[in-house]
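We name chains A, B, ... by the order of the sequence lines, and we start the count at 1 in each one.
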4 protein chains.
Amino acid sequence: MTEGIQRVAINTGGGDAPGLNAVIRAAVISGLRRGWEMVGIRDGYNGVLAPDRYPDGGVIPLDRESVRGITHLGGTILGTTNKGNPLAFPVRREDGTVEIVDRSDEIVRSLEEQGIDALIAIGGDGSLGIANVLAQKGVRVIGVPKTIDNDLEETVVTFGYDSAVAFATECIDRLHTTAEAHDRVMVVEVMGRYAGWIAVGAGVAATADAILIPEIPYDLEPVAEKIMARERAGREFSIVVVAEGAHERDGSRSVVEKEAGRAERLGGIGERVAEGLVEMTGKDTRVVNLGHLLRGGGPTARDRLLALRFGAAAIQGLARGCEGCMVALDPPDVRYVPLSRATRRIKTVPLDSDLMGTARELGICFGD
Amino acid sequence: MTEGIQRVAINTGGGDAPGLNAVIRAAVISGLRRGWEMVGIRDGYNGVLAPDRYPDGGVIPLDRESVRGITHLGGTILGTTNKGNPLAFPVRREDGTVEIVDRSDEIVRSLEEQGIDALIAIGGDGSLGIANVLAQKGVRVIGVPKTIDNDLEETVVTFGYDSAVAFATECIDRLHTTAEAHDRVMVVEVMGRYAGWIAVGAGVAATADAILIPEIPYDLEPVAEKIMARERAGREFSIVVVAEGAHERDGSRSVVEKEAGRAERLGGIGERVAEGLVEMTGKDTRVVNLGHLLRGGGPTARDRLLALRFGAAAIQGLARGCEGCMVALDPPDVRYVPLSRATRRIKTVPLDSDLMGTARELGICFGD
Amino acid sequence: MTEGIQRVAINTGGGDAPGLNAVIRAAVISGLRRGWEMVGIRDGYNGVLAPDRYPDGGVIPLDRESVRGITHLGGTILGTTNKGNPLAFPVRREDGTVEIVDRSDEIVRSLEEQGIDALIAIGGDGSLGIANVLAQKGVRVIGVPKTIDNDLEETVVTFGYDSAVAFATECIDRLHTTAEAHDRVMVVEVMGRYAGWIAVGAGVAATADAILIPEIPYDLEPVAEKIMARERAGREFSIVVVAEGAHERDGSRSVVEKEAGRAERLGGIGERVAEGLVEMTGKDTRVVNLGHLLRGGGPTARDRLLALRFGAAAIQGLARGCEGCMVALDPPDVRYVPLSRATRRIKTVPLDSDLMGTARELGICFGD
Amino acid sequence: MTEGIQRVAINTGGGDAPGLNAVIRAAVISGLRRGWEMVGIRDGYNGVLAPDRYPDGGVIPLDRESVRGITHLGGTILGTTNKGNPLAFPVRREDGTVEIVDRSDEIVRSLEEQGIDALIAIGGDGSLGIANVLAQKGVRVIGVPKTIDNDLEETVVTFGYDSAVAFATECIDRLHTTAEAHDRVMVVEVMGRYAGWIAVGAGVAATADAILIPEIPYDLEPVAEKIMARERAGREFSIVVVAEGAHERDGSRSVVEKEAGRAERLGGIGERVAEGLVEMTGKDTRVVNLGHLLRGGGPTARDRLLALRFGAAAIQGLARGCEGCMVALDPPDVRYVPLSRATRRIKTVPLDSDLMGTARELGICFGD
């Protein structure tokens, strides 16, 4: 089944996530164990699309020494920077116009020229989509899902999520004492464009008073009421956790979707929620945007385990002849799902789940 | 169904585990929300067996204020010290002899006298066994499992386990640099009397070279070989993680079981493994026993979530008329299993699990 | 000298800072050891100005039990909320106008009525100023300086500073991997209204590329040049740390001072720096404001030690008849300086210090 | 003065300490800035004594790329393993006898052959002694002190000490909850062969009940009394911190000195103290030896700053013509002291210091 596999490439695409290096390490060790040559593509697909950009080559050998001591490190030793989506790559023509080009054929050709028999593509929905196109064009590829947002339906959980929740929880813990000391409302914005997993995980763990998530279009009235009820009970501070993709019930879309880049720089939805709460409660209100802090840093022990398992499973999948698929956690097992299905649906927080039920029991307000 | 419930008591028994306070907080808030009066029994069952020992009473009221800001704290606000197993309590007679007495009837009577309609018993296998006896004697009781060892078969995971793995992993990370600097073999003993969950979790996450667990009676030969193979490859240090309940293949039982208390104080199995490795490899070898460090401290975000869910589920169970049972995680749900079944079987690490497979892929030696 | 001292009060004023509880604990234990009765005033001076607001009294007894297990906790068990500056307190008259009232005489009277012989006032420059006024009106008072900004000239260092630097450093570490993955410029705003201690401490420890501080009015040109030079060398990301009180060289004052509250909510100077850098470099630039995260949380071991020393020294000072003074660190000793001198001058980062020299050696750009 | 300097070597000797990599990074960047070529010697002096052992050479080039992203990492990129003290090196002769040889001339010659004009020797008292011998033989050398024990008299503090105290404090925090849950006495052994700096720092910060240090020969009686007094007051657990070099008052030397290696593996003085306390108090007593855990891991922000300053100062010293000396902290400055004086005297904890006074105020027992 694995006939022909001699040289396997790994790449990491999309944004940073704690655990990337652990995936790489496990894949490299498992591959070498099978006698395969392991190599890494630099910066997403850039190493094969623009190899001349790298003095030491866009495709680098990965031996045991290359992956030593990296399990606990954040970032990725391969780089993850995309210089543009290979499926819709902006190319500046001589006449100054910019053309959008599909460079997937170029990738296929380049992989062939490099003698690469199989590809392990670690990335988010964008990268997995590219992997799917490559698979359809005949590349033997296995995807490894990566999103700290934990919003891929086909896998129970993704690495990076536990690390993001852990650090967000630590940050909210810290904000508790300062919110209390200053009688403040603290609005804490966390990642979660389409799903509120991080917001609910960290919000419940750090005993937030309200949590606003994309799954529940919010109304600020009950949030303000909760804050004032606490004040009447002598608790003059409150913590409101807001997922970046939360949006008001009145039908307007989220700030994130409406204003894109600018909104993110300004703090986006957190600002909007804070302004509303100031108006309704008159309380001193501050916004803390944890966004970028949650992507970086090293993985928790749990994320390391999951990432190592995914890395080993990618190689095991290749060995078994599995291709065009993505590794996924189906506890306690890892299984393989077709790449074509991998990013089809967003996994949102089920409103009737035990986790949400616990949050309700604890009196947390969801703005509904 | 919940007719008659007006006053619910909570107690915590057995050893320390990160997350106990989070269980208490969730149970208290959920109970109060239903209009129930919530109280706490001090020090296991001691608060009802010897209430005179406590100036402010062995049973204390638990209102919202009592459980404020405790989710992230280690230990338990109720105390967990058992002054003896109530089912086999040593009582010193006047003539100097010690009699072993079953005090469960005393507990039943005392709970009645205190007007306690239901009991939430948080504890390990000992405490859950007592809870089962009380249930059989008519006490409306719900158990909440507590073991950092994660070795209860009826629940997929227990709170405290993630915290133990996280801290053990951090410690082993630290030992890496010092082992490397000194060309040493570091033998790291972790908890796990009957199952190797902590050893495997932390050992794989922190990239140990060998892991010895109760599930696999070990032979030191392959471990020593692994260490020497690394040395020949220029890696002059090695990390060996040992669960306290690991034992040699030759049929001898583990040090823990043979020598009980004394062994634990001396470092037990870790010492024995180190002595064997020194003999076989001649390398400078040190033992670090993480035991007590893993029980204490605050819970990780993940353990907080699980503990909060268990606390809320205990109250929900009572509200639904569930009794004589234990809450258990069956992801993504919490379910209720009969207390009589709760501690029947140890959950060991399945040798054919994906986690173990990954460990093998990474070349970790299990002494087999 | 200490004749007459029987009852000593402690209060905490101004914002949150890691270590407040450690000061309280040491003062209480040291005071009790001398046979003094120790009490705590709630919420700055509010406990004596509006005692009726507190069901259990605005002045609470502090025994050993009250200060158990609090050394490592953030926040303050006494509360720190000021409901207005007692020296310029806004009082609403019946006709709707607001009058500014000096309530210091009221405090003096209330302390007398409560039988309080001496006061330990823990706080920042505002609180120490109030303490000085009280001292002039005859109150036996010792101040304990509190500012995470570390900008008090009379003490070599203040507790809370080390904790702030430690957490800011951890955050910047995390931003490194995400900045690198995304080829971004990360502008990290930290506290430091009048002095750049936190910015320099965390910026150097976490290897920032540029650090902008109040002591050096900045020009963005060299910062942009540094960023572009890094890009040319293949380092496509940069980290710029900005103290909240930094300001441009052209003579304009800092955003903080000009726009007060609104600026802070919007991210203030960080936003301004980011906008300038986007214009000059064209690079994707994000702002992370760590402000509120740095005030909260528990103290580092070092801050605990300093806070415990300050608490014990306050009592020792009272015992020796020292009053109207502030404890201050003059390593390895603690000494006492007159409160009148305590907040006279801001301690800025000396530009010719070894610390700054090291930063220059490392090639860090200060915008000059 | 710096005429002739073109090529500067760095080495790290002795055990691991958090901050080594930060020293290396600062020295390399500062040296490159002066146009010097920077190189690193592998494994103490082994890289020049046995260069053939290293496939890629015992002396490796250090450019900016080599020191990227290492400030926060534990260990040392150069290795620190000594294969024997070069001043008393065991050489096995053909007839099987072992001769002790002084290889310092060999080092001098090898450095010359490698074209090394100056050496930055980072290490503890052993390494600094070697550096002194090399200096006397004409090598231009600057020492950088390294000891987590903080026991060098000529510098106010050494890097690694803050990291050791921070982690020891975190560990003791954890032991508090488990000691309390189990009514136990926890004996915590920490490093500190000749001075009790770590024991006092972590013991006071983590509110130990007793601290035994080399500076105060101890008597177990008052320690046992303290434990029993706590028990009578309802505090049934106690924490006793013991420096490895502590010894009984009766004139016997410490276990460490008497039994050397074996003692360390067995837990040494901690065991002895525990046995004594069990005998005197009858309480359940456990030993936790933190020794090896304190050497490893990454440096705190504060240790990074100190290490970076020392690295930069070493280069500045060379540039100013300073040689045969060691960098030392004399806050807020770094100064240079002759290597001949560097390790002359142990810096013990002054018994009349404010730190010890605070410990006494808090009621901590020192066994005297």
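When all heavy atoms of A181(C) and T80(A) are compared, the closest pair comes out as CB-CG2, 2.9 Å.
The line from CG of D16(C) to OG1 of T178(A) is 5.0 Å long, rounded to the nearest 0.5 Å. Taken to the nearest 0.5 Å, the CZ atom of R295(C) stands 12.0 Å off from the CG atom of L175(A). In this structure, NE2 in H292(A) is found 12.5 Å from OG1 in T177(C), a value given to the nearest 0.5 Å.
A heavy-atom distance below 4.5 Å is found between the side chains of L293(C) and L290(A).
Contacts classified as side chain to side chain donor-acceptor pair (under 3.5 Å) and involving residues 164-174 of chain C (residues at least two apart or in different chains) are given here: D173(C)-R304(D).
Contact annotation for residues 67-75 of chain A against chain C (heavy-atom separation below 4.5 Å, listed by residue number): G74(A), G75(A).
With sequence neighbours excluded, the residues that form a salt bridge (Lys or Arg N to Asp or Glu O under 4.0 Å) with R53(C) are E236(A), D43(C). Legend: residues meeting side-chain hydrogen bond (donor to acceptor under 3.5 Å, both in side chains) with S66(A), ordered by chain and number and at least two apart, are D63(A).
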